[in-house]
Number of protein chains: 4
Amino acid sequence: MFEQNQLLEELHFEGEEFTPKQKKIVAAAIEIFAEKGYAATSTSEIAKKAGVAEGTIFRHYKTKKELLLSIVAPMMAKMIAPFVIKDINRVLDKDHDTLEDFLKEMIKNRAAFMEKNMLLFRIVVQELPFQKELQAQFKEHIVAKVYKRMERIVEHYQQNGEVVEMPTKTVIRLFLSTIFGHLMARFFILSPDEWNDEEEMERTVQFLVRGLRPW
Amino acid sequence: MFEQNQLLEELHFEGEEFTPKQKKIVAAAIEIFAEKGYAATSTSEIAKKAGVAEGTIFRHYKTKKELLLSIVAPMMAKMIAPFVIKDINRVLDKDHDTLEDFLKEMIKNRAAFMEKNMLLFRIVVQELPFQKELQAQFKEHIVAKVYKRMERIVEHYQQNGEVVEMPTKTVIRLFLSTIFGHLMARFFILSPDEWNDEEEMERTVQFLVRGLRPW
Amino acid sequence: MFEQNQLLEELHFEGEEFTPKQKKIVAAAIEIFAEKGYAATSTSEIAKKAGVAEGTIFRHYKTKKELLLSIVAPMMAKMIAPFVIKDINRVLDKDHDTLEDFLKEMIKNRAAFMEKNMLLFRIVVQELPFQKELQAQFKEHIVAKVYKRMERIVEHYQQNGEVVEMPTKTVIRLFLSTIFGHLMARFFILSPDEWNDEEEMERTVQFLVRGLRPW
Amino acid sequence: MFEQNQLLEELHFEGEEFTPKQKKIVAAAIEIFAEKGYAATSTSEIAKKAGVAEGTIFRHYKTKKELLLSIVAPMMAKMIAPFVIKDINRVLDKDHDTLEDFLKEMIKNRAAFMEKNMLLFRIVVQELPFQKELQAQFKEHIVAKVYKRMERIVEHYQQNGEVVEMPTKTVIRLFLSTIFGHLMARFFILSPDEWNDEEEMERTVQFLVRGLRPW
DNA sequence: GATGAATGAGCGTTCATTCAT
DNA sequence: AATGAATGAACGCTCATTCAT
């Protein structure tokens with residue numbers, strides 16, 4: 001079974017207490033939701049995989065949807081962690097003088113994150129089109145915050161002379177779709193033998209740097 | 001209701017005959033599948049929206065999944081039409097001398113396609129992670145064919161001197177993720193007033209051309 | 001099993017069509033609701049007794065409560081039929097010159113009704129304290145109408161000199177509680193060998209006539 | 001919340017000890033049973049309203065039904081208290097020479113009782129049709145005892161010349177249904193502004209006295 | 001071709017009850 | 001005495017599918 005301890009550490013914070021059974025339920029739910037999707041997953045299947053009685057699920061989560069959200073909501077926060085950590089400005093100004101350094105750091109960081117959270121990431125991406133609540137959360141917390149940070153970063157590199165003068169929104173779009181494509185290819189489309197991580201990262205970064213360089 | 005006539009013309013070819021009821025069923029199914037996903041859609045809901053009896057659906061499609069596949073399979077073929085139409089080579093060699101022209105044409109073409117087929121496109125993208133049959137079809141028909149064509153195109157522009165020497169697979173990845181991002185932003189993320197089509201296309205194309213230009 | 005044909009004739013009117021299975025469902029539901037009460041009756045029990053699949057119940061009635069109401073609502077109308085039939089005035093004025101005649105006729109009539117509808121009557125009485133919808137219906141349709149008719153009747157016999165001058169409401173209360181007690185004793189409390197119908201009716205009527213006679 | 005102290009004093013006698021939590025459980029159960037009925041009340045609802053853990057209920061009562069019976073059984077005894085108190089004979093012979101006095105005393109007494117125990121009374125009446133155990137208790141303890149006493153009382157007033165010669169059972173029936181109707185009207189049907197207690201009692205008593213007076 | 005009644009397995013959820021703490 | 005996590009049977013209800021008409 002999925003390495004649940006690590007997972008649970010991620011989800012479990014603040015005042016919440018997780019009983020052992022609850023941990024098993026969450027771990028099982030993550031696996032099955034990722035594989036078959038929320039709607040096609042039955043609570044009895046989760047219970048069986050978790051090795052608990054079906055009623056136990058509903059002692060901890062009022063509904064199946066609450067179980068989904070309890071898994072996905074904190075995940076969404078984590079997905080954008082690097083954009084909201086306050087250090088980012090310092091990092092930005094000091095360590096990553098060049099856009100290239102910044103991009104490399106960002107891709108490495110997000111790849112490391114995905115390696116640890118692939119299943120959760122899948123669930124978020126797969127359910128986003130269907131769950132209105134997720135979309136609301138996503139818009140409010142994710143889009144807003146990420147956009148704000150990205151805006152400052154883009155402006156920084158535009159003043160820097162490394163990024164062409166172009167609407168921030170467009171730069172962010174090109175930036176994110178390239179990185180998203182990079183991560184999808186690595187984690188969901190290509191097999192490891194089709195992927196040399198060092199080289200592909202270098203190419204992705206070069207593509208971005210040159211594509212956005214002032215014309 | 002979705003302009004079903006147009007839709008059905010798209011799906012209906014060769015020897016198949018569609019009764020009026022069947023057309024209504026397909027049109028209703030497309031709308032609901034797109035909105036709530038295949039698994040969360042009930043056949044009774046489709047029947048009600050289509051204005052037919054529940055049994056009628058199963059007169060035309062043995063199972064609910066067959067209904068899905070009957071909708072999605074021809075769609076997948078259409079998604080890659082421009083890559084398989086035999087003219088493409090001619091087009092490639094003659095009309096679009098430059099990469100820029102080619103990219104513009106491609107984006108315009110795919111955007112026009114999506115405008116007409118947004119719902120169907122949504123269904124394909126949303127169900128691909130869950131439906132093994134779709135994945136098989138996708139890999140066999142789409143990936144293989146598109147990749148083959150794209151390979152030739154990329155090589156053409158590499159020999160041309162417009163695209164950097166780099167593994168074809170990588171070029172295709174950068175290429176597709178940028179175009180995919182462009183289309184998603186336009187059709188699913190941004191509102192019309194956030195999007196100036198001419199300008200954004202120009203920027204997307206410039207980004208690609210410069211990002212892939214020999215170093 | 002309960003004589004369902006007769007019952008269904010009672011419940012089935014106007015445009016409604018009852019399938020054979022539906023009739024069986026209603027008949028089974030009446031029996032079990034009467035015996036164990038609505039809340040303690042499971043739909044699976046009804047289905048089993050009716051000899052149908054559980055799903056069949058929900059094809060005809062959206063919810064268990066709708067099944068209850070479909071049984072009970074028309075019953076409530078019937079309970080007060082003699083009070084709303086327009087003939088009552090004629091009957092009152094012509095045939096039953098004396099209070100005694102009127103009371104005898106009324107008791108006989110309601111006893112005959114209960115004989116045919118004991119189970120349905122039980123359900124109404126048992127569920128009235130719990131079902132808000134029933135209470136609303138009861139107040140609106142039953143209480144209001146019965147009270148209006150009874151008022152006229154009471155006034156008639158007061159002008160007649162057979163009933164003491166006393167608030168109508170009070171006369172009705174004494175009148176109804178005596179008749180209700182009569183019917184309960186006969187149908188629900190005493191065994192047939194404890195009950196001589198002719199004699200008991202005579203006594204009930206005499207009690208009422210003398211109790212209400214002008215002081 | 002219902003004034004539980006008073007209630008508990010009523011229920012708590014002999015060797016039984018009630019912990020504070022137990023008192024809260026009983027008080028909560030009474031309220032909810034009265035409102036929604038035994039079968040439609042869940043133990044978790046009782047626990048929540050009582051502010052205790054679900055398990056606590058089952059520490060004091062082996063089953064939900066035992067909780068019901070622990071509430072209802074002593075209540076049934078109280079309902080007939082005036083009929084079993086040994087003083088009744090003395091009362092009968094000395095204080096209440098006339099039937100009128102006796103009836104007034106009886107009605108006042110039962111009204112006072114109901115004022116204090118309306119919820120409990122509701123539960124008894126509502127559950128009697130469904131709970132076999134209650135019916136057994138009711139028949140054995142209530143009916144039997146009340147009937148025995150009533151018999152003597154009726155005979156007393158028959159010898160007295162105040163009550164007509166008629167089967168005791170019938171007299172008791174007329175007597176009880178009138179009093180029951182009086183109490184129901186006052187406590188469950190009519191609003192206080194529709195009810196003048198002094199006057200209504202006078203009318204009820206007069207009705208009984210005259211209705212039962214020798215013909 | 002179309003219907004809609006009928007099915008029974010399975011759904012998400014609640015239930016009364018148990019038991020280790 | 002009190003807790004509350006855990007149970008698994010049962011609940012009301014929905015599901016995709018069948019079939020006689």
Side-chain angles (χ1 to χ4, degrees), chain A residues 17-22 24-25 39-47 50-67, chain B residues 17-22 24-25 39-47 50-67, chain C residues 17-22 24-25 39-47 50-67, chain D residues 17-22 24-25 39-47 50-67:
Chain A
E17 305 276 330
F18 279 70
T19 72
K21 301 258 174 185
Q22 190 172 4
K24 284 182 175 180
I25 289 166
T41 299
S42 75
T43 50
S44 84
E45 201 180 352
I46 296 171
V52 305
E54 208 171 340
T56 307
I57 295 175
F58 293 93
R59 184 145 291 279
H60 295 290
Y61 304 93
K62 272 201 285 291
T63 63
K64 187 182 140 189
K65 179 152 278 165
E66 193 182 297
L67 171 58
Chain B
E17 303 278 331
F18 278 70
T19 72
K21 301 259 175 187
Q22 190 172 5
K24 284 183 174 177
I25 289 166
T41 299
S42 74
T43 50
S44 83
E45 202 180 351
I46 296 171
V52 305
E54 284 200 59
T56 308
I57 293 175
F58 293 92
R59 188 140 293 280
H60 295 288
Y61 305 93
K62 271 204 288 292
T63 65
K64 184 181 145 190
K65 180 152 278 167
E66 194 183 295
L67 171 58
Chain C
E17 305 276 330
F18 278 70
T19 72
K21 301 259 174 185
Q22 191 174 3
K24 285 183 173 178
I25 288 166
T41 299
S42 74
T43 50
S44 85
E45 202 180 352
I46 296 171
V52 305
E54 207 171 340
T56 306
I57 294 175
F58 294 95
R59 183 146 292 277
H60 295 289
Y61 305 93
K62 272 201 285 293
T63 63
K64 186 182 139 188
K65 179 153 278 165
E66 193 183 297
L67 171 59
Chain D
E17 303 278 330
F18 279 69
T19 71
K21 301 259 174 187
Q22 190 172 4
K24 285 183 173 177
I25 289 167
T41 300
S42 74
T43 50
S44 82
E45 201 180 351
I46 296 171
V52 306
E54 282 201 59
T56 307
I57 293 174
F58 294 90
R59 188 139 293 279
H60 295 288
Y61 305 92
K62 270 204 286 293
T63 65
K64 184 181 145 191
K65 181 152 277 167
E66 193 182 298
L67 170 57

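Between the CD atom of C:Glu66 and the P atom of F:dT14 there is a distance of 11 Å, rounded to whole Å. A:Ile46 has its CD1 atom 13 Å from the C1' atom of E:dT13, to the nearest Å. Regarding D:Lys64, its NZ atom lies at a distance of 9 Å from the P atom of E:dC15, rounded to whole Å. Atom CZ of C:Phe18 is separated from atom P of E:dG4 by 18 Å (rounded to the nearest Å). To the nearest angstrom, P of E:dG1 lies 9 Å from CD of B:Gln22. We find that OH of D:Tyr61 is positioned 16 Å from P of E:dT18, with the value rounded to whole Å. Note: NZ (D:Lys24) to P (F:dA2) measures 10 Å, nearest angstrom. For the pair C:Lys62 NZ and E:dA5 P, the interatomic distance rounds to 13 Å; values are reported in whole Å.
Ranking F:dT3, E:dT13, F:dC13 by closeness to the C:Thr63 side chain, first place goes to F:dC13. With F:dA6, E:dT13, F:dG12 as the candidates, the nucleotide lying closest to the side chain of A:Pro20 is F:dA6. Comparing atom distances between the C:Glu54 side chain and each of F:dC13, E:dT17, E:dG12 picks out F:dC13 as nearest. In this structure, the nucleotide among E:dA5, E:dT18, F:dT7 sitting nearest to the side chain of D:Phe58 is E:dT18. For C:Arg59, the side-chain atoms get nearest to F:dA16 when compared with the rest of F:dA6, E:dA2, F:dA16.
Residue whose closest nucleotide on DNA chain E sits further toward the 5' end, between A:Ala39 and D:Gly55: A:Ala39. Comparing C:Thr43 and A:Ile57 by the nucleotide of DNA chain F whose heavy atom lies nearest to each, the residue mapping closer to the 5' end is A:Ile57. Nearest-nucleotide positions on DNA chain F place D:Lys21 closer to the 5' end than the other of A:Ala53 and D:Lys21.
The residue A:Thr19 sits close only to the backbone: its heavy atoms come under 4.0 Å of sugar-phosphate atoms, none of a base. Note on A:Ser42: only backbone sugar-phosphate atoms sit closer than 4.0 angstrom, heavy atoms only; bases stay farther off.
The shortest side-chain heavy-atom distance between A:Leu67 and A:Ile46 falls under the 4.5 Å cut-off. Side chains of C:Tyr61 and C:Gln22 form a contact here, defined as non-hydrogen atoms less than 4.5 Å apart.
F:dA20 is paired with E:dT3 under the Watson-Crick or G-U wobble criterion, all donor-acceptor distances under 3.5 Å.
The minimum heavy-atom distance linking B:Ala39 with A:Ala39 is given by the pair CB-CB, 3.7 Å.
Here A:Ser44 does not reach the OP1 or OP2 of E:dG12: none of its side-chain N or O atoms lies under 4.0 Å away. At F:dG4, none of the side-chain N or O atoms of A:His60 fall inside 4.0 Å of OP1 or OP2 (strictly under the cut-off).
Atoms OG1 and NZ, from B:Thr63 and B:Lys65 in turn, are 8.0 Å apart once rounded to the nearest 0.5 Å.
Counting only distance, with no hydrogens or angles, the side chain of B:Lys64 and the backbone of B:Thr41 share a donor-acceptor pair below 3.5 Å.
Between the side chains of C:Glu54 and C:Thr43, at least one donor N or O lies within less than 3.5 Å of an accepting N or O.
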